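Order of listing sets the numbers, starting from 1, for every ligand and every atom in it. Just so we're clear, the structure is a prediction, and the values are computed from it rather than from any experiment.
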Amino acid sequence: MEKAMQGLKLKAKSVTHDHLLGVANSCLSIKEEQKTIRILDVGCGNGDLVSYLYLSFEAKYPNKNVELYGFDVFEHGAKKNDYLNGVIGKLSSFGPSVPWGERITTISNSERWPYEDDYFDLILSNQVLEHVHDHDFLFSEVARTLKPGGFSAHLFPLSSCFVECHILVPLAHRIKNYELLKSFIRFFIRVKAIRHFPDLLEKNMSLTRLSESYADYLVNYTNYPSTAKCLRLGRKYKMRTSFKYTKNFYLQKLRSMVGLNPRRTYDKNNTFADYGLFMFLKYVSCVTLFMQKENIK
Ligand SMILES: C[S@@+](CC[C@H](N)C(=O)[O-])C[C@H]1O[C@@H](n2cnc3c(N)ncnc32)[C@H](O)[C@@H]1O
């Protein structure tokens with residue numbers, strides 16, 4: 001009872017975390033006899049989503065063993081020791097008895113995920129898929145490590161999104177010609193219509209160097225998938241794939257803007273309305289890719 005009350009009082013650091021919790025609560029139905037619930041956060045960054053989900057699920061299922069896992073990849077700057085120590089240290093303050101050293105890890109982005117087949121009830125990611133180098137590999141690992149009947153939800157912008165989501169320059173992620181991209185970004189820096197990226201700023205950077213640095217970031221660290229690619233890969237790996245929770249993220253955002261409490265679970269979907277809204281929202285910002293692994297062995 002006490003844990004459940006704590007769960008209701010929990011505050012997420014980002015509306016994206018509230019949204020993914022809303023999706024998780026809406027799709028998961030944990031059977032009485034199931035003892036352990038396993039959840040994976042792919043590309044877990046600083047561990048904020050892991051801690052939020054851990055505390056929420058501990059509160060919701062006080063009699064179950066809730067196991068939260070997360071990993072990130074070396075190629076995107078997760079420095080092995082510093083990074084891991086920082087995340088594990090932070091998570092230990094939320095769940096001191098949890099062996100976080102066994103739950104959070106770093107691997108290479110081409111390496112098989114360090115989990116058995118059919119292991120997770122739920123696999124999530126937050127703003128990761130637009131950075132993934134090899135989507136086919138990621139979908140194959142989701143399909144391999146999900147339990148039959150398990151769910152997976154990924155919040156991220158598609159290639160159709162009008163504005164590039166990091167530097168907020170329209171269509172920058174669609175330009176494949178490097179010189180054109182650099183000049184395009186340079187123009188937006190000149191007219192001060194760009195969001196600067198603190199990690200890439202150095203003292204006294206020239207305009208040319210700065211535009212080069214942003215262009216290099218987009219070329220090397222982003223890879224926006226299209227709607228068709230996500231649907232094709234979902235089907236290839238025998239997962240039921242849709243974008244049905246996309247609108248709920250925007251409703252969650254609206255609630256946060258007007259100061260309402262976040263929704264902890266979502267109402268039943270209306271397929272046609274959800275599809276219509278997705279067709280519009282995929283140009284605006286993030287969508288929610290939602291998959292279920294077929295329940296056959
Ligand atoms: C914008 S950050 C988001 C981090 C975290 N999910 C959050 O919400 O704060 C993108 C993350 O995706 C990770 N990433 C990139 N490629 C990946 C891959 N193939 N597999 C897993 N994570 C990946 C990066 O290392 C980075 O931590």
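- Judged by distance alone, the side chain of E164 and the main-chain N or O of I167 form a donor-acceptor pair under 3.5 Å.
- Taking a 4.0 Å cut-off on heavy atoms, F71 registers as neighbouring ligand 1.
- Within ligand 1, counting atoms from 1 as listed, the ones closer than 4.0 Å to a heavy atom of Q127 are 1 (C), 2 (S), 3 (C), 10 (C).
- For Y217, the ring pair (Phe, Tyr, Trp, His ring centres under 6.0 Å) criterion is met by H166, F197, Y221, not counting sequence neighbours.
- On a distance-only criterion, D72 and ligand 1 share at least one N/O pair closer than 3.5 Å.
- Under 4.0 Å from ligand 1, heavy atoms of N126 appear from its side chain as well as its backbone.
- The N/O atoms of G43, backbone and side chain alike, include one that comes under 3.5 Å of an N/O atom in ligand 1.
- Ion pairing between a basic and an acidic side chain is recognised when a charged N comes within 4.0 Å of a carboxylate O; D121 and R38 show no such pairing.
- Screening F94, Y61, W100 for a ring pair (Phe, Tyr, Trp, His ring centres under 6.0 Å) with Y54, the sole residue that qualifies is W100.
- Checked for salt-bridge contact, K90 and D48 meet the test: a charged N lies under 4.0 Å from a carboxylate O.
- Using cut-offs of 30° and 60° for the angle between ring planes, the Y115 and F120 rings count as perpendicular.
- For ligand 1, the atoms closer than 4.0 angstrom to any heavy atom of V42 are 21 (C).
- Near V73, with a cut-off below 4.0 Å to any heavy atom, the atoms of ligand 1 are 14 (N), 15 (C), 16 (N), 17 (C), 18 (C), 20 (N), 21 (C), 23 (C), 25 (O).
- Against a heavy-atom cut-off of under 4.0 Å, N109 is close to the following atoms of ligand 1: 19 (N).
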